[in-house]
Amino acid sequence: EPKAAYNLGNALFAAGELTRAVEAYRAAAKLAPLHADTHNNMANALREAGDRDGARAALEVALGVDPTSVAALTNLGGIYTETNNFSAALEVLDRAEALAPDLPEVVCSRATALSGAGRREEAMAAFARVVALHPEVPGFRKGFADVLRDAGRDDDAVRE
């Protein structure tokens with residue numbers, strides 16, 4: 001049953017058992033190859049285990065199944081950002097933002113990629129937007145402060 005394997009993968013991932021989670025997601029994907037969330041979640045487990053290539057491949061499958069998967073686009077953008085491929089990151093994150101312009105994870109991921117690409121003004125504007133939407137999330141505020149600091153605005157960074 002694909003749903004049982006998928007749910008097992010989710011439980012194992014939550015417990016930090018990444019190898020077993022990937023095995024469960026692979027079993028679910030064999031049973032239901034057109035379930036984009038299975039491939040996306042498998043990618044999350046692979047990425048956390050340090051297998052970016054495997055994660056990227058799983059995300060490409062997820063996007064082949066559902067090209068509008070905001071989660072898969074955002075995760076793929078994150079992998080590209082982690083590997084300093086900012087143009088590829090921004091390409092997929094722009095697609096994600098077009099689909100979900102106010103989803104904080106998308107805005108934050110795109111802001112991080114913009115910062116890495118040296119587009120600090122755009123990154124600051126994006127981080128300011130996500131912090132305004134969700135001031136309670138420390139990670140968003142930290143990203144904003146980092147970009148402000150990189151731009152030489154230490155006093156503003158301290159306030160964040």
Side-chain angles (χ1 to χ4, degrees), residues 1-119 122-123 126-127 129-131 133-144 146-147:
E1 156 115 17
K3 187 173 182 175
Y6 174 75
N7 289 339
L8 176 61
N10 289 341
L12 291 166
F13 181 74
E17 296 192 36
L18 303 176
T19 301
R20 292 182 57 210
V22 169
E23 291 169 3
Y25 290 132
R26 284 192 175 129
K30 277 186 179 182
L31 297 167
L34 299 180
H35 188 245
D37 287 345
T38 297
H39 299 285
N40 181 64
N41 289 8
M42 182 180 355
N44 288 336
L46 289 163
R47 182 178 177 190
E48 193 163 312
D51 182 359
R52 284 193 188 121
D53 291 337
R56 187 171 35 251
L59 290 167
E60 288 168 2
V61 172
L63 290 167
V65 171
D66 179 4
T68 64
S69 170
V70 173
L73 288 166
T74 304
N75 288 330
L76 184 58
I79 289 172
Y80 285 139
T81 297
E82 289 169 3
T83 57
N84 298 320
N85 188 346
F86 301 113
S87 61
L90 288 167
E91 181 183 320
V92 296
L93 291 168
D94 286 348
R95 288 172 46 203
E97 189 173 48
L99 294 164
D102 293 326
L103 189 65
E105 292 82 0
V106 172
V107 177
C108 185
S109 292
R110 188 170 177 281
T112 301
L114 286 165
S115 177
R119 294 165 57 182
E122 291 172 85
F127 272 120
R129 192 167 132 240
V130 77
V131 167
L133 289 170
H134 295 280
E136 74 282 1
V137 179
F140 298 159
R141 297 184 79 84
K142 181 188 180 313
F144 190 25
D146 290 345
V147 170

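Keep in mind that the numbers below use all heavy atoms, side chains included, and drop hydrogens, waters and symmetry copies.
Legend: ring-ring contact (aromatic ring centres under 6.0 Å, His included) pairs involving residues 19-78, not counting sequence neighbours, sorted by first then second residue: Tyr6-His35. Applying the salt bridge (Lys or Arg N to Asp or Glu O under 4.0 Å) definition to pairs two or more places apart or across chains, none involves residues 33-46.
Closest approach of Leu93 and Ser109 over heavy atoms only: CD1-O, 3.5 Å. Nearest approach of Ala89 to Thr81, heavy atoms of both residues: CB-OG1, 3.3 Å. Considering every non-hydrogen atom in both Leu90 and Ala117, the closest pair reads CD1-CB, 4.2 Å. Residues Ala55 and Ile79 approach most closely at CB-CD1, 3.6 Å, considering heavy atoms. The heavy-atom pair separating Asn75 from Arg47 by the smallest distance is O-NH1, 3.5 Å.
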Review item, side-chain donor-acceptor pairs of residues 13-22, under 3.5 Å, at least two apart:
residue, atom, partner, partner atom, Å
Glu17, OE1, Arg20, NH1, 2.6

For residues 62-73, dump all side-chain donor-acceptor pairs below 3.5 Å to protein atoms at least two apart in sequence or in another chain.
residue, atom, partner, partner atom, Å
Asp66, OD1, Thr68, N, 3.0
Asp66, OD1, Thr68, OG1, 2.6
Ser69, OG, Ala72, N, 3.1

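Inter-residue side-chain proximity for Leu133 and Pro104 is flagged as unmet; no heavy-atom pair is nearer than 4.5 Å. Proximity of Arg110 to Asp94: side-chain heavy atoms (C-beta onward) are separated by under 4.5 Å at one or more points.
Applying the salt bridge (Lys or Arg N to Asp or Glu O under 4.0 Å) criterion to Glu23, with sequence neighbours excluded, gives no partner residue. Not counting sequence neighbours, the partners of Arg56 by the salt bridge (Lys or Arg N to Asp or Glu O under 4.0 Å) test are Asp53.
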